[in-house]
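Take a look at the structure below.
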Amino acid sequence: RRWGLTSPFGAFIDPVADKLIVAMALIVLTVAHGMPTVDVGLPFVLTADVGLPTALTITRELAVSALREWMAQQGKRDTVKVGFMGKCKTAAQMIA
């Protein structure tokens with residue numbers, strides 16, 4: 001970024017990397033939250049209080065990515081381009 005260099009691969013992988021970081025952090029926290037204190041024969045227990053928001057967040061991220069890709073194929077990439085509020089959302093998810 002310092003030198004102002006861009007590439008098509010970099011433009012593609014940057015938002016994907018952000019989504020992967022957030023998704024993996026959510027999955028790790030969900031599994032850690034579900035670790036049983038008593039051995040019940042399962043490696044972990046998914047609870048609705050953490051598992052459902054995690055699933056909804058990851059599903060939303062996948063849907064938005066699919067929409068952006070589809071709009072790009074239609075030649076309307078600017079309609080769903082990344083905005084400042086989206087960057088704020090990603091930063092808030094990473095901080096949380």
Side-chain angles (χ1 to χ4, degrees):
R1 293 185 184 189
R2 180 186 303 176
W3 296 313
L5 300 174
T6 61
S7 70
F9 178 72
F12 166 76
I13 203 69
D14 186 48
V16 172
D18 289 345
K19 288 181 187 347
L20 284 175
I21 290 170
V22 170
M24 290 310 297
L26 287 171
I27 290 169
V28 166
L29 291 172
T30 300
V31 170
H33 176 76
M35 289 293 183
T37 54
V38 178
D39 186 14
V40 293
L42 297 172
F44 59 89
V45 178
L46 291 180
T47 56
D49 62 336
V50 177
L52 183 61
T54 296
L56 291 174
T57 301
I58 292 172
T59 302
R60 181 210 173 271
E61 295 296 334
L62 290 173
V64 168
S65 295
L67 174 65
R68 284 199 179 117
E69 185 63 30
W70 180 71
M71 292 298 282
Q73 289 178 355
Q74 302 296 318
K76 300 177 183 176
R77 181 179 299 260
D78 290 340
T79 306
V80 289
K81 66 182 178 182
V82 176
F84 180 72
M85 290 304 294
K87 292 181 184 288
C88 290
K89 178 201 61 87
T90 300
Q93 284 178 327
M94 289 182 179
I95 290 169

Discussion item. Is there a continuous path of hydrophobic side-chain contacts, each under 4.5 Å between heavy atoms, that joins Ile21 to Leu26?
Written reply: yes
Worksheet item: Out of curiosity, does Leu62 fall in the hydrophobic cluster containing Ile27 (side-chain heavy atoms, cut-off under 4.5 Å, transitive links)?
Response: yes
Discussion item. Can you pull out every side chain to side chain donor-acceptor pair (under 3.5 Å) where at least one residue sits in residues 50-60? Sequence neighbours excluded, please.
Written reply: Thr30-Thr54
Fill in: Residue pairs fulfilling salt bridge (Lys or Arg N to Asp or Glu O under 4.0 Å) with at least one residue in residues 15-26, sequence neighbours excluded
Lys19-Glu61
